[in-house]
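This report concerns only the one structure given below.
By convention in this document, chain letters (A, B, ...) are assigned in the order of the sequence lines, proteins followed by strands, and residues within each chain are numbered from 1.
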There are 2 protein chains.
Amino acid sequence: MVERLDATFGALADPTRRAMLASLALGERSIGELAAPHAMSFAGASKHVRMLERAGLVERRKAGRTQLCRLDPRALAEADAWLRQWEHFWTARLDALEQIIAERKDR
Amino acid sequence: MVERLDATFGALADPTRRAMLASLALGERSIGELAAPHAMSFAGASKHVRMLERAGLVERRKAGRTQLCRLDPRALAEADAWLRQWEHFWTARLDALEQIIAERKDR
DNA sequence: GGGTTATTAAACCTTATGGTTGAACGACTC
DNA sequence: GAGTCGTTCAACCATAAGGTTTAATAACCC
C-alpha cells in the first residue's frame with residue numbers, strides 16, 4: 001500500500017491530471033475528450049492518462065476505436081484516509097499555530 | 001493555490017517524507033532526528049526536509065546549532081479539502097459531507 | 001583557539017517527468 | 001480497398017527527483 005500511496009499522490013501532483021479527474025467526475029470520457037481542454041499535444045495528454053491509470057485512479061475500456069475512461073475512487077479514498085490522520089492538527093491545533101505565526105510576524 | 005497543491009501532493013508522493021511527517025506529528029524534531037530512521041545519508045534526508053519545507057508542510061526555527069522542524073498542517077488541510085470533492089464517489093453519505101463542509105465554513 | 005557536532009552546499013550520477021514530433025496501428029466510412 | 005479518426009509507440013530533449021560523497025559553515029565545548 002506504500003507504493004500505492006506513492007503513485008496516487010504522484011499522480012495528483014500535476015494540475016493537468018487533477019483537471020482530468022475533475023472531468024471524469026462528471027462521467028466517462030474518451031482520451032480525446034480528456035485531452036481537448038489542455039494546450040498540449042494529444043500524445044502528451046495520453047501519457048497523463050496512462051499515469052492516472054497506472055496509479056489506479058482510472059479504468060478504461062474499449063468502445064470501438066475510442067477508449068472510454070472512468071474514475072475509480074478507491075485510491076482517492078486511500079489517500080484521503082491517510083491525510084485524515086492529521087485532521088486533528090488542522091482543526092483543534094490550527095488556532096494555536098496561527099497565533100504562533102502571528103507572533104513571529106510581529107518581530 | 002494550484003502550485004500549492006502541486007507541491008503538497010508532490011511532497012506526499014514519497015514514503016520517506018510521509019514518515020517524516022508522521023514523526024513530526026508527535027512533536028518538534030531536529031533534522032538529525034528526522035533523518036535517523038532512514039537508511040540514507042544525512043545530506044539526502046536533509047534534501048527531503050527541504051522539499052517538505054518548500055511545500056509549506058514544515059516550518060523550521062534555529063535552536064542553537066540544530067534546526068527544529070514543526071508540522072504546519074494548513075497545506076495538508078488544503079490537500080484533504082481537494083480530495084474530499086470526490087468523497088461522494090466512495091461513500092453514499094453525501095448529506096453528512098455537506099454538513100461537515102457547512103460547519104467548517106461557519107468558523 | 002582547537003575539536004566536535006549539526007547542518008548545508010557543491011558536484012556528480014541515475015532515473016523519472018513532462019513535453020515534443022513523426023510514424024504506426026486498429027477501427028470506422030465510403 | 002482507400003482514406004480518415006482515435007490512439008499509441010518510439011525517439012528525442014530538458015529539467016527535476018532521489019541519491020551519493022566530499023567539503024564548507026556555524027555553533028557549542030574545553
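Counting only residues at least two apart or on different chains, the side-chain hydrogen bond (donor to acceptor under 3.5 Å, both in side chains) pairs with a member in residues 25-44 of chain A are A/S23-A/R29, A/E28-A/R61.
Residue B/G32 is in sugar-phosphate contact alone, with no base atom involved, counting any heavy-atom pair closer than 4.0 Å across all strands shown. Within the 4.0 angstrom heavy-atom criterion, base atoms lie near A/S41. When heavy atoms are screened at a 4.0 angstrom cut-off, B/T16 is found touching no nucleic acid atom at all.
With a 4.5 Å cut-off on side-chain heavy atoms, B/M20 and B/V49 count as touching.
The distance from atom CZ of B/F9 to atom P of D/dA17 is 17 Å, rounded to the nearest whole Å.
Judged by distance alone, the side chain of B/R18 and the main-chain N or O of B/L12 form a donor-acceptor pair under 3.5 Å. Proximity of a side-chain donor or acceptor of B/S46 to a complementary backbone N or O of B/F42 within less than 3.5 Å is not detected.
Residues passing the side-chain hydrogen bond (donor to acceptor under 3.5 Å, both in side chains) test with A/R60 are A/E53, sequence neighbours excluded. With sequence neighbours excluded, the residues forming a salt bridge (Lys or Arg N to Asp or Glu O under 4.0 Å) with A/R70 are A/E59, listed by chain and number. Taking A/A13 as the reference, B/F9 meet the side-chain contact (heavy atoms from CB on, under 4.5 Å) condition, with sequence neighbours excluded. In this structure B/D80 satisfies the side-chain contact (heavy atoms from CB on, under 4.5 Å) test together with A/D80, A/L83, A/R84, A/W90, B/R84, sequence neighbours excluded. A search for side-chain contact (heavy atoms from CB on, under 4.5 Å) contacts involving B/A55 returns B/A7, B/A11, B/L57, not counting sequence neighbours. Contacts of B/R65 classified as side-chain contact (heavy atoms from CB on, under 4.5 Å), with partners at least two apart in sequence or in another chain: none. Checked against salt bridge (Lys or Arg N to Asp or Glu O under 4.0 Å), A/D14 has no partners two or more places apart in sequence or in another chain.
Contact detail for B/D72 and B/R74: the closest heavy-atom pair is OD2-NH2, 2.7 Å. Among all heavy-atom pairs drawn from B/L68 and B/A63, the shortest one is CD1-CB, 4.0 Å.
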List every contact pair, protein side and nucleotides 24-27 of chain D side both N or O, where the distance is under 3.5 Å.
residue: D/dA27; atom: OP1; partner: B/K62; partner atom: NZ; Å: 3.4

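Between A/F42 and B/L68, the residue whose closest nucleotide on DNA chain C is further toward the 5' end is B/L68.
Proximity of residues 47-54 of chain A to DNA chain D (heavy atom under 4.0 angstrom from any strand atom) is restricted to A/R50.
Axis orientation changes by 20° from one end of the helix from C/dG1-D/dC30 to C/dC30-D/dG1 to the other, with each end axis drawn from 5 pairs and the value rounded to 10°.
Along DNA chain C, read 5' to 3', the first and last nucleotides having any atom under 4.0 Å from a heavy atom of chain A are C/dG18 to C/dC28.
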